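Notes for the one structure printed next.
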Amino acid sequence: ALSLGTCAVWSVLVFSGAVEVPSGGFGHSPGGAGHMPAMHLPMHEPLTETQDSLKLLFAMKFGMAVLMIACPCSMGLATPMAVMVATGVAAKRGCLVKSAVALESSARLHAIVLDKTGTITKGTPEIQAAALSAEALGGMLDQWLELRKAASPPVPPSADGAGLGPPVRLLGGERCSLEQAAEMKALFWWLMGTLESASDHPLAKCILGAVEDIRGLPPVAAP
């Protein structure tokens, strides 16, 4: 209230002509500390409006000075409140800020290094490729073929492995035929989906989503 009263009194004095606004509206000598150069406004703006705005700024300066002296807490709380609101909004959008110091320091950053792929682009992990051992899955092919025959409807995989999800590198499969390699890849993805189907981990959901996109696999269920 005291600050508003001060601003109102000075506004009356300035607009009534009792007090003359110095050049520039801020009362600083040219070249001195705190000197603010004159504002160059467009030619189409009326001169009276320019003078009125300078008078208002001149009066508000005294009101702000009284506010800073009489109630510094209001200005001292402004920055913490702004930081709190900013970190809250950032958290809702998936960006966690460690502290207010980290937030203030981020204004001086020139480069950011990320240690996770896809964090900026999609926000979810995605499988690009996989590798499996032919020796580990070779002994399960007979049981796998019986399971695929019992699946409804059975969809045989293509010989070149197309349609079996992300690319898979078969390690130690030099002696395997193309059909055997394709079946091993299908078995590999079905096992991965079965093992991760009961988990809520983001990486487990990523694997399960990739398996669900593969056609021709038996139903996936938690073990």
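Owing to the predicted nature of the structure, the values given are computational and were not obtained by experimental measurement.
Counting only heavy atoms from C-beta outward, the side chains of C176 and M184 approach each other to under 4.5 Å. Contact check for L217 versus I214: side-chain heavy atoms found under the 4.5 Å cut-off. Looking at L171 and L132, their side chains never come closer than 4.5 Å, going by heavy atoms from C-beta outward.
Of the possible polar contacts, none joining the E212 side chain to the G209 backbone as a donor-acceptor pair under 3.5 Å is found.
Rounding to the nearest 0.5 Å places OG1 of T87 at 11.0 Å from NZ of K92. Within the model, atoms CE of M64 and SG of C7 stand 10.0 Å from one another, a figure rounded to the nearest 0.5 Å. Considering CD of E126 and CD1 of I207, their distance stands at 13.0 Å, rounded to 0.5 Å.
V14 and V9 fall within a single hydrophobic cluster, where Ile, Leu, Val, Met, Phe, Trp and Tyr side chains are chained together by heavy-atom contacts under 4.5 Å. No continuous path of ILVMFWY side-chain contacts below 4.5 Å connects F15 to L54, so the two sit in separate hydrophobic clusters. Cluster membership for I127 and L170, using ILVMFWY side-chain heavy atoms within less than 4.5 angstrom, is shared.
Scanning for side chain to side chain contact (heavy atoms under 4.5 Å, CB included) contacts around V89 gives V85, R93, with sequence neighbours left out. Taking the side chain to side chain contact (heavy atoms under 4.5 Å, CB included) definition, one finds that M140 meets it with L137, L187, L191, sequence neighbours left out. Under the side chain to side chain contact (heavy atoms under 4.5 Å, CB included) criterion, A18 pairs with L13, S16, sequence neighbours left out. Partners of F62 under the ring pair (Phe, Tyr, Trp, His ring centres under 6.0 Å) rule, at least two apart in sequence or in another chain, are W10, F58.
When every heavy atom of L208 is checked against every heavy atom of G193, the shortest pair comes out as CD1-O, 3.7 Å. Heavy atoms only, all atoms of each residue included: S197 and V220 are closest at CB-CG1, 4.0 Å. When all heavy atoms are compared, the tightest approach of L203 to H201 is N-ND1, 3.0 Å. Closest approach of R175 to Q180, counting heavy atoms only: O-OE1, 4.4 Å. Of all non-hydrogen atoms in W189 and V211, the two that sit nearest each other are O-CG2, 3.2 Å. Across P125 and C206, no two heavy atoms sit closer than the pair O-SG, 3.3 Å.
The neighbour count for L109 CG, taken as heavy atoms of other residues, nucleotides or ligands under 6.0 Å away, is above 12.
Here L103 is tied into one hydrophobic group with V83, V97, each link being a pair of ILVMFWY side chains closer than 4.5 Å.
Applying the ring pair (Phe, Tyr, Trp, His ring centres under 6.0 Å) test to pairs two or more places apart or on separate chains, those with a residue in residues 127-147 are W144-W190.
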